[in-house]
Amino acid sequence: MSIKEYEGKFTPAATHDEPEPAASAYTYEEWKAEIFKLYPGSESRNRYTQNNLEKLIANFLSKGTPSRALFSQYHREFQKIVKWLADNGKMERSSEKEEFQCGIPLTLWVRIARRLEILYPLHHSDDPYEVEEMFNAGDWYLKGNTTVMASVPPTGRQ
């Protein structure tokens, strides 16, 4: 049984005489270029700017001592923006450490610095820590802080 005979038996009659779809007039790249024209600023060369990074840092800094989830979100967004800026020659990777630290609220930074001093006793105080080291220390503190705070019974006499 051929495909046409099979179609005749098992498909509605209205579909038998439909023409085959025409080949697309555009390639995918041409289509994508046309779509980008409809949304100015969506080109990949303008995806992020230094201003995006500064806004992220200022926004996170304004939140005070963050939760562990919020700190992780800041780290992910920071890494995404910094990687794009560095890959496209808009930022030096060497400044990423200072930028990440600038976004950490002072109350949290004091605890992160204490943890880093314990983990890296030979680290020179003038050299910034790696972003991952700062993130891991902050994550460690926030994980322990919420666990400890949740498990401490309220003080008071009964």
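Hydrogens, waters and symmetry mates play no part in the numbers below; they use all other heavy atoms, side chains included.
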Decide whether [X] and [Y] are clustered together by the hydrophobic rule: side chain heavy atoms of Ile, Leu, Val, Met, Phe, Trp, Tyr closer than 4.5 Å, transitively.
X: Tyr120; Y: Ile104; value: yes
X: Leu108; Y: Leu61; value: no
X: Val82; Y: Val131; value: yes
X: Leu70; Y: Phe100; value: yes

Do [X] and [Y] make a side-chain contact, defined as non-hydrogen atoms from C-beta onward lying under 4.5 Å apart?
X: Ile81; Y: Arg47; answer: no
X: Glu133; Y: Arg115; answer: no
X: Glu96; Y: Arg93; answer: yes

Closest contact, heavy atoms only, [X] versus [Y]:
X: Asp139; Y: Ser72; answer: OD1-OG, 4.2 Å
X: Met134; Y: Ile112; answer: O-CG2, 3.9 Å
X: Phe71; Y: Leu142; answer: CB-CD1, 3.5 Å
X: Tyr48; Y: Lys90; answer: O-CD, 4.2 Å
X: Gly64; Y: Pro105; answer: O-CG, 3.0 Å

| query | Within the side chain of Asn52, is there an N or O that forms a donor-acceptor pair under 3.5 Å with the backbone of Thr49? | reply | yes

Interatomic distance, [X] atom [atom1] to [Y] atom [atom2] [nearest 0.5 angstrom]:
X: Glu132; Y: Gln79; atom1: CD; atom2: CD; result: 5.5 Å
X: Leu85; Y: Lys80; atom1: CG; atom2: NZ; result: 12.0 Å
X: Glu77; Y: Ile57; atom1: CD; atom2: CD1; result: 12.5 Å
X: Thr65; Y: Tyr141; atom1: OG1; atom2: OH; result: 7.0 Å

Quiz item: Ring centres of Tyr74 and Phe135 under 6.0 Å apart?
Solution: no

Discussion item. For Leu116 and His123: C-alpha separation, side-chain torsions, deciding distance, then whether side chain to side chain contact (heavy atoms under 4.5 Å, CB included) applies.
Written reply: CA-CA 9 Å; Leu116 291 170; His123 186 87; over 6 Å; no

Quiz prompt | Salt bridge Arg114-Glu117, side-chain N to carboxylate O under 4.0 Å | solution = no

For Lys55, the side chain to side chain contact (heavy atoms under 4.5 Å, CB included) test, sequence neighbours excluded, returns Asn51

Do other residues, nucleotides or ligands put more than 12 heavy atoms under 6.0 Å from Glu34 CD? yes

